[in-house]
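We name chains A, B, ... by the order of the sequence lines, and we start the count at 1 in each one.
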Amino acid sequence: MDSLGRVDWLKEGFFDRDPRRVARSLLGKLLIRTTPGAVLAGRIVETEAYLGESDEAAHSFIGKTPRNAVMFGPPGRAYVYFIYGNHYCLNVSCLGEGVAGAVLFRAIEPVGGIDRMAEARGIILNDKCDLRKISSGPGRMAQALGVTRERDNEKSFVSPKSDLRIADDGYRVPRILTTTRIGIVKSAAMPLRYVIAGNKFVSGPKLTL
DNA sequence: GAGGAGATCGTCT
DNA sequence: GACGATCTCCTCT
């Protein structure tokens, strides 16, 4: 972690808030995966908030099931699910025990261990490669960080022993844009997607300001 | 560059 | 048995 300089690790209280506030606050923070051979780090540039049982688009809308139980658990835990038969998506639980809520990590800007993340994505690093393909989009980002449900679901983001944590290195987000969420049908009009304005690693269609 | 469709499987009804 | 918080490839312009 020496290469990252001095950072503050996020604590459980950070996540014990409304998912909308957590989603905004997470922008600009560093998502860090510690592996035996390298430290993978990415700056969070895009998030989506999923509210509790009042949000039709959230998995928690149908109530607690084995799949979504983490959303109802304590804050600061990883909720990982498998989607479309191909991809994993990484979320962090918000609010306290018994209250559902989560924030989906949609994209990060690679800042450390880039070669390892590219390798995990099957991308050859050279002058022509598009770095956005490493971690721009929930499925891509999860693959770059080696996130799977078996390995990471229910894992704590706030335990000092965890290999999946979030840090604040003092980066100041210039401006935040709020848009509707991507890929959902129900409650699609709710503006619960947050992105760092102008950041090229944000996924989805280009945003006009 | 934009748009459409297929891939593929866990989860819930 | 249907559907999904996605990605990639292919076609068309």
| request: Would you mind pulling out the nucleotide paired to B:dT8, Watson-Crick or G-U wobble, both distances under 3.5 Å? | output: none
| field | chain A contact limits on DNA chain C, taken 5' to 3' with a cut-off of 4.0 angstrom to heavy atoms | value | C:dG4 to C:dT8
| Side chains of A:Arg193 and A:Thr179: is there a donor and an acceptor less than 3.5 Å apart? | yes
| task | May I ask you to check whether A:Tyr81 and A:His59 place their ring centres under 6.0 Å from each other? | result | yes
| message | Side chains of A:Ser203 and A:Arg106 only: does a donor on one sit below 3.5 Å from an acceptor on the other? | response | yes
| query | When the distance from NZ of A:Lys64 to C1' of B:dC12 is rounded to whole Å, what number comes out? | reply | 17 Å
| So what does A:Arg181 touch, heavy atoms closer than 4.0 Å: a base, only the sugar-phosphate, or nothing? | nothing
| query | Where each residue is assigned the nucleotide of DNA chain C containing its nearest heavy atom, which of A:Phe82 and A:Gly139 is assigned the position nearer the 5′ end? | reply | A:Phe82
| Would one find a side-chain N or O of A:Arg149 under 4.0 angstrom from OP1 or OP2 of B:dT11? | yes
| Could you state the CG-C1' distance from A:Asn86 to B:dA7, rounded to the nearest angstrom? | 6 Å
| said: Does the structure place the NZ or CZ of A:Arg77 under 6.0 Å from the centre of the six-membered ring of A:Phe15, at an angle of no more than 45° from the ring's axis? | reply: no
| field | From CA spacing to verdict: salt bridge (Lys or Arg N to Asp or Glu O under 4.0 Å), A:Lys155, A:Asp163 | value | CA-CA 9 Å; A:Lys155 182 174 285 181; A:Asp163 63 354; 2.8 Å; yes
| query | OH of A:Tyr84 versus P of B:dT11: gap in Å, rounded? | reply | 16 Å
| request: Starting from C1' on B:dG1, measure out to CG on A:Asp130 and report it in whole angstrom. | output: 14 Å
| remark: From the list A:Arg43, A:Glu109, A:Arg165, side chain to side chain contact (heavy atoms under 4.5 Å, CB included) partner of A:Leu30 resolves to A:Arg43
